[in-house]
Amino acid sequence: MHWADFTAQRLQKERGNNQILCSGITPSGEIHLGNLREILTAEMIHRACLDLELNSRYIFIVDSMDPLRRIYPFLSDEYQKYIGCPLAYIPAPDKDGQPDSSLGSYSDYFLSPFLDALQQIGVQPEIIMNHQSYENGEFAKKIDGAIKHMTEIREIIETISGRELSDNWFPYNPIGSDGSMDGVIVTGYEYPYVSWTDRHDISGRSDIRKSEGKLPWRIDWAARWGFHGITCEPAGKDHGSAGGSFDTGIPICRLLGSEPPGKMVYEWIQLKGMGPMSSSSGNTIGPIEALGLVPPEIIRYLIAGSKVNKHIDFDTGGALFTMADEYERLVANPPSGDAEKLSKRQLIARDTKLGALRMSQIIHGTDPADSVAGVSFRHLSMLAQIKSDDEGIWNSLRQSSHIDGMPNQNLINRLARMRNWIEGPHFPTDAQIIIQSAITEEARDNLSTEQNSFLSEFQKRIIDYEWNESSINECIRESAAAVEIGMRQAYMALYWTILGKYFGPRIAALMSEIDKDEVMAIFSN
RNA sequence: GGGCCUGUAGCUUAGUCAGGUAGAGCGCCGGGCUUUUAACCCGGUGGCCAGGGGUUCGAAUCCCCUCGGGCCCGCCA
């Protein structure tokens, strides 16, 4: 069974027919591909719940109330004054990292491209801006409870996380006179006001029913589990390790009167050979960038086809072909078989694969067969390289009867992505089609006597042929027949000559795209 | 130091939670086909399931130990 279905069944047993799946992110910088795993993990479980006919909602909480913690590499020193201020209330950076209030809030600025990416991969969450939950007083009860149970919460955090909290620690961080939560010391509490003195020695009070302060992370998380009624929130393994925020969140959530979700921890996505993604190290690939290269259903398949607790190596090079091939093979030939005839293992394998395929669809519940657009990823990569205009590609596809009439939107999108990939730095060199200007040494060494005589024969004959695909092919066939050489050998000889390797795309189509004199020049050289 | 995950064929892995004769894809080898979609079709090769011990009629699966790999433990998914 697929992990999403398995989790959905477990949730039904544990929490009944109403489920609220949740994921959350902090928009402190460019949101990277790794964040997609959190979102897709939750969203796929949500879909599996819907498939079980449970009442399921999927909410996406943006940690817009989190403070700016430090000056990131892409920010100018101007941001010094905003450290400790909620991301929702400070201006977005411009190209030079200068704060520019005309660009909107910091949190919206980094969030909106990410929401576009979610749209593309078919994720439609209910979006909740956490600062609004503070503004409209949803947190008030939990804050009041946290302050009243201050001693117990302190003990939970100190014993479970092993961290020692300072004497003036307080389970609520008020915002001081300059908008920052740093250096603000709480001096008293009387509902609904927390009074404080900030680092400029200015005193004031915060109304816990408004966004005049926030709960520290570990309590904030536990509190919102409660008032949103969250039944499942997969967390990154940083939160999942012993003494992490999940372990403290569970008892704190109960202390505040609510049932916490069960612990569920997912592994991270790494860039192949480069370690975990991290905005600060610059070792990151954005979902926007990834979605510029890879069809969205294949991104989904990357997550759906991996177990939650396995780390994923994301590779923007040749492995994309392998991944796309696997997906297309699965779509073309989905595992089937009679449940009675299959062993338990084969049955599980079948259902897991079918589940992954189901979860990979952009639109929930649609037929996977519609997602492949009729053309394989590999074939499209070849066409995109030898044909510079899109119309030429559609013509070619019509001729090879891959498509009928006009290309659908899915295919148009795929081609656009393919062109991005090919033109960008990630495209693998061994997939590149490079037309040689002369026969290479390596090619010479690999060509047999028969192949050489085929090539001379072809060179002689082609002069009298038209320069188009079918005519070139005819010439290849006749030349091969004349020197009594197998077609495979004949094609290989042409690949060596024109591309400098022993394999390649349809050679006649490729040749017809190039000028005849240019091709003949390769032979002569 | 505390903890999590992980080790199955040359490679990527399924199967581990619910113990019941090791599955798949890629690669490789052989054959077929041929206007080659780096394709397709057929057949084959290949695993003391990291190692050791225990529980069991029976262990890749559960328990214990050892070793190797990845990662988390201020913020980060």
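Proteins get letters first, then strands, A, B, ... in listed order; numbering begins at 1 in each. Heavy-atom basis, side chains included; hydrogens, waters and symmetry copies ignored. This structure is a prediction, so every number in the text was calculated from the model and none was measured.
- Listed for the R37(A) side chain is no donor-acceptor partner under 3.5 Å among the backbone atoms of I303(A).
- The separation between L354(A) atom CG and rA24(B) atom C1' is 14 Å, rounded to whole Å.
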> Yes or no on side-chain contact (heavy atoms from CB on, under 4.5 Å) for L75(A) and L68(A), after CA distance, side-chain angles and deciding distance?
Replying inline: CA-CA 11 Å; L75(A) 297 177; L68(A) 183 71; 4.2 Å; yes
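- A side-chain donor-acceptor contact under 3.5 Å links E38(A) to the backbone of G24(A).
- If you run side-chain contact (heavy atoms from CB on, under 4.5 Å) between V62(A) and each of N130(A), I127(A), L115(A), only I127(A) comes through.
- Following rounding to the nearest Å, I312(A) (CD1) and rG70(B) (P) show an atom-to-atom distance of 19 Å.
- When distances are taken from the side chain of Q385(A) to each of rA77(B), rA38(B), rA24(B), the shortest belongs to rA38(B).
- Between F110(A) and Y106(A), the distance from one ring center to the other falls under 6.0 angstrom.
- No close placement of the F170(A) and Y172(A) rings is indicated, their centers lying 6.0 Å or farther apart.
- Rounded to an integer number of Å, the gap from L118(A) CG to rA77(B) C1' is 14 Å.
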Verify ring-ring contact (aromatic ring centres under 6.0 Å, His included) between W225(A) and F246(A), making sure each step is shown before the conclusion. CA-CA 11 Å; W225(A) 281 342; F246(A) 221 121; 5.1 Å; yes
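- Both S306(A) and P27(A) sit near RNA chain B, but only S306(A) has its closest nucleotide nearer the 5' end.
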In B/S/- notation (B base, S sugar-phosphate only, - none; protein heavy atoms under 4.0 Å), nucleotides 29-36 of chain B written 5' to 3' is ----BBBB
Give me the distances for all protein-to-nucleotides 4-9 of chain B N/O pairs that come in under 3.5 Å?
from	atom 1	to	atom 2	distance (Å)
rC5(B)	O2'	N309(A)	O	3.0
rU6(B)	OP1	N309(A)	ND2	3.1

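- Contact annotation: T26(A) side-chain N/O to rC75(B) OP1/OP2 distance is not under 4.0 Å.
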Output field dot_bracket for RNA chain B (Watson-Crick or G-U, both distances under 3.5 Å, | for other-strand pairs) contains (((((((..((((......[..)))).(((((.......))))).....(((((..]....))))))))))))....
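- What separates CZ of F246(A) from P of rC72(B) is a distance of 19 Å, to the nearest Å.
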